[in-house]
Amino acid sequence: MSPRPPRSASPSSTSLAAPADPPRPADASAPWHRLTAVETLTALGSSTDGLDPDEAERRRAEHGPNQLEERGGTSPWRLVWEQLSAVMVLILIGAALLSLVLGKYLEAGAIGAIVILFAVLGFVQEYRAEQAIAALRRMTVPVVRVVRGGSPRDLASVDLVPGDVVVLEAGSVVPADLRLIEFANLRVQEAALTGESDPVDKRTDPGDRDDVPLGDRRSMAYSGTQVTYGRGVGVVVATGMATELGTIASLLQEVAPERTPLQDRLDRIGKQLALAGLIVAALVVAMGAAAGESVTNLVLTAISVAVAVIPEGLPAVVTFTLAVGAQRMLRREALIRKLPAVETLGSVTVICTDKTGTLTQNVMTVTVVDVGGQRVAMGEGGPDRSTLPQGADSALLLTLLAGSLCNDTSIDRDAFGNPVLLGDPTETAFVAAALALGVDVEEIRRRVPRVAEFPFDSERKRMSTVHDPLLSTVLELTGLPQDAPLVFAKGSVDGLLERSTGAFDGGRLVDLDEAVRTRITTADDRLASDGMRVLGVAYRRLPEEVDLADVEAVEGDLVFVGLVGMIDPPRDEVRDAVATCRAAGIRPVMITGDHPLTARAIARDLGISDGERALTGPELDRLTADQFAAAVGVVPVFARVSPEHKLRIVEQLQSQGQVVAMTGDGVNDAPALKRADIGVAMGITGTDVSKEAAEMVLRDDNFATIVAAVEEGRVIYDNLRRFVAFAVAGNLGKIIVMLGWPVPFLLAGGEFETAIALLPLQLLWLNLMTDGLLGFAMGVEPAAPGVMQRPPHRPGAGLWSGGAGWRTAWIGSVIGVVSLGVGFAYHAADRVEWQTMVFTTLAFMQIFQAIGARSERESLRAIGLTSNRVMVGVVGAVAALQLAAIYTPLRTFLDLEPLSTFDLAVPVSLGAALLVVIETTKRFARRGQAPG
Ligand code: ATP
């Protein structure tokens, strides 16, 4: 429950100091938007300094976490039903009922038990997979900037309480219902609540009517809506289920579970196999009927065949493998938000990446300031005086001071009084440099208050603020006029130059003529060529007639003051990751908002390009469609691009058949992230909006993590493919046995004991205990050597591509024919163990096949016999189960005979022989593919 503003009593009757109990009127439609900001704060027992931390703690206990109760997702019952309604299970249920009618109670009971076991297993796996994905999603719980006890801090949004003062910026998802108390060009997109996709301008003055719809309450920002532009501060009026979103949360649509393309394909294969089972069953029944089999036996046969063909373990193994894959990726710092991504990652062919923070460390340090054509080297303790030219003092001061005023860094103090800077590294670098120069930034910010601002956005590539210095003398040193509001702007040098008419040169204001312009551009290029991030700083004395709401008007007629060069070292691990990408046939492409020369220098350093020219956004705009397509196909570096270019580049790459992973962090990146096959958001610096649009979130913002995730994706795809091939080969073997068994007897026209090679229970045992268990072990096969040294598998390449279809066909046939042969031989010798021999031969051939199938290409020796420990354990367990089936009382249930040591040696040797054959064919295949 949340506090509500008083409806009639005067809000100011409540004391500003945190009261023991905030007022709590009960009406859900209480008109917070009707109160003024001050009244709201008062009513909530808060102030612009936020809540006292102890009071916040108390409210947290009272109001509980700020989160919606989960109603979405698939309900457990729904999952149970999905398991039960799968075609395969329906056939099994039919088989159990038929057995019941026939009086085969043991079979009926066992099939029934297996149906239940299968459903439970499938359910548990699916449920765990769902939970795992839900848990992964919860890990992206947004962090919000709140003010408590007068100082800003970052807090998990679940810990917000009514009365908290929250800072909003572009890209934030509003974390609770807020009454706004401060705004700067704040625009909020409220589609989540109102369905209206055009962003709405927000302000703080109270509305004049109670009964306006949510979309028209301009002084409110509601939980779940997205800040698309600007900045604002609001006080929390409702949290969790008490928010407007909470009240409609129960109406939210159930989220449909996402299935991967491979899962869909497997579903189809499952259905096809089930259908094949029915056809084969009909065939066997027809043959049996021709031979004069009893009806009971015929029905039993039909059941057996259907059971033999259905790959019972398939769905469970697939979900298990995907979920385990997502966990493995998490261990490597890649957080998967949508399960299909696990698989798509394996087929990524192009990775488009930002520069700042992903390829570089995003640790910005100002190392050079260029003023009036003079370079000043900056050290930790301020400027290197020996490089400080005469007269540069005031320009240097002005550059760093303006850059620190036009800046959203919050400055806190640690226990020793040292400044702690919180904010975007590009901005904190300015403040750090100003502090090192001896500027008291906090004091100046107080004395020269900000009266308007145009926040940074990646289209304009600059930000500007308007300040009122009229009451202050602190700017005297800089020589700035103090008789009017001042505009400070910082951003890309090229952009600022376009909007400047003057320059500050050696303490003098000069015209920005061609010579000065060239000098500044040359300095910009020189710094950028060294791989530095370069920002320009400018100011303006704002004439009275300029409309403070008009960004074009305010950011004109600027006076260019200086350039600031910052280093942002590349991340060490990225160089190797780029090399891995190349070896793996994946093209890394840098797409950055930064200067082309900076981009080029970093790209060359990391091996992304050989130093070719970078194409810029404006250049892209001038290309024809064909030229654009050609450029996107080969150019490794795009610079000075806007988010809209990112979208165009993704679309173009996709139309060329590429599978694209694209990183992004800003609110404007969301369309490109959504469009990319794998949208990758930044866990640390990314906005909430970008995270919501992404398939994957990098917990460490690191490019190397994308490459690691791609590797895991490849391993998972390979494992699933190999498992399916393994399961299908096994089932093919069983079909051959079931179909082949009656044939010779039919041809000979003689009497035969039975048309049924294996009983339903025996087949179920083989499918579950053998295929199922071995399948799970295949799902956790570690990366084979060389996964990242071959090209990505073709997107949409079938499961049977690359020879897998043939391999499956011949291995399945060998298993079937050999098992059948053993059965015939024993039957001909009048041995009662013939059925047990067929059963055991199938089992051991599959065990050895599983060992051979661990790699499609590499020999067992190359991948290491024991490198998949789970497989070693499972092979031991399955062999032991097989022996238990023959030598323990289980035997009576399964209708088997004990085998002599010699008889047992036959299936084991045949299995081993199959492994030798598989390994030999791999050797030939490798030789065939070897170059030369
Ligand atoms: P990437 O897209 O690789 O992360 P980036 O971070 O350099 O690159 P943007 O953040 O869009 O891209 O920055 C583009 C340009 O905008 C920078 O080169 C710089 O000139 C300017 N800029 C960046 N941050 C700020 C800021 N906080 N204030 C003013 N200008 C900025």
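Since we're looking at a predicted model, the values are computed, not measured. Counting starts at 1 for both ligands and their atoms, following the listed order.
In this structure, Arg540 does not pair ionically with Glu555, as no charged nitrogen and carboxylate oxygen lie closer than 4.0 Å. The residues Arg533 and Asp568 are annotated as not salt-bridged, no charged nitrogen and carboxylate oxygen being separated by less than 4.0 angstrom. With salt bridges taken as basic N to acidic carboxylate O contacts below 4.0 Å, one links Arg499 and Glu552. The pair Glu427-Lys490 meets the salt-bridge criterion, with a side-chain N (NZ, NE, NH1 or NH2) lying under 4.0 Å from an Asp/Glu carboxylate O.
Comparing Leu535, Asp457, Thr360 by heavy-atom distance to atom 19 (C) of ligand 1, the nearest is Leu535. Of the listed options Ala429, Pro425, Gly491, Gly491 places a heavy atom closest to atom 30 (N) of ligand 1. For the residues Arg460, Met566, Lys461, the heavy atom positioned nearest atom 21 (C) of ligand 1 is part of Lys461.
Asp557 and Thr501 share a side-chain donor-acceptor pair at under 3.5 Å.
In this structure, Ser529 OG and Arg526 CZ are separated by 9.0 Å, a value rounded to the nearest 0.5 Å. The line from CG of Asp440 to OG of Ser404 is 11.0 Å long, rounded to the nearest 0.5 Å.
Of all protein heavy atoms, the one closest to atom 18 (O) of ligand 1 is Asp594 OD1, 2.7 Å. Looking only at protein heavy atoms, the nearest one to atom 31 (C) of ligand 1 is Phe456 CE1, 3.2 Å. Given atom 24 (N) of ligand 1, the protein heavy atom at minimum distance is Arg533 NH2, 3.5 Å. The single protein non-hydrogen atom nearest to atom 5 (P) of ligand 1 is Thr356 OG1, 3.3 Å, given as residue, atom name and distance. Among protein heavy atoms, the minimum distance from atom 27 (N) of ligand 1 is reached at Glu427 OE2, 3.0 Å. In terms of protein heavy atoms, atom 15 (C) of ligand 1 is closest to Gly593 O, 3.8 Å.
You'll find the side chain of Pro152 stays beyond 4.5 Å of the side chain of Val146, heavy atoms only. For the pair Leu563 and Val369, the minimum side-chain heavy-atom distance is 4.5 Å or more. Using a 4.5 Å heavy-atom cutoff, the side chains of Val366 and Val368 are not in contact.
Here's the thing with Arg462: none of its N/O atoms is less than 3.5 angstrom from an N/O atom of ligand 1. For ligand 1, the polar-atom distance check against Lys355 finds a nitrogen or oxygen pair separated by under 3.5 Å. Considering both main-chain and side-chain atoms, Thr592 comes within under 3.5 Å of ligand 1 through a nitrogen or oxygen pair. At a 3.5 angstrom cut-off on N or O pairs, Lys490 counts as close to ligand 1. Polar contact with ligand 1: absent for Thr426 (N/O pair, distance under 3.5 Å).
Near Arg640, with a cut-off below 4.0 Å to any heavy atom, the atoms of ligand 1 are 15 (C), 18 (O). Residue Asp354 approaches ligand 1 through these ligand atoms, each under 4.0 Å from one of its heavy atoms: 1 (P), 2 (O), 3 (O), 4 (O). Distances below 4.0 Å separate heavy atoms of Val534 from the following atoms of ligand 1: 20 (O). Close contacts between ligand 1 and Ser492 involve ligand atoms 20 (O) [criterion: under 4.0 Å to a heavy atom]. Against a heavy-atom cut-off of under 4.0 Å, Ser458 is close to the following atoms of ligand 1: 11 (O). Every atom of ligand 1 is numbered from 1 in the order shown, and the set under 4.0 Å from a heavy atom of Asp424 is 27 (N).
Just one of Thr592, Asn362, Asp594 meets the side-chain hydrogen bond (donor to acceptor under 3.5 Å, both in side chains) condition when paired with Lys355; it is Asp594.
Geometrically, Arg648 engages Phe628 in a cation-pi contact defined by less than 6.0 Å to the ring centre and at most 45° from the axis.
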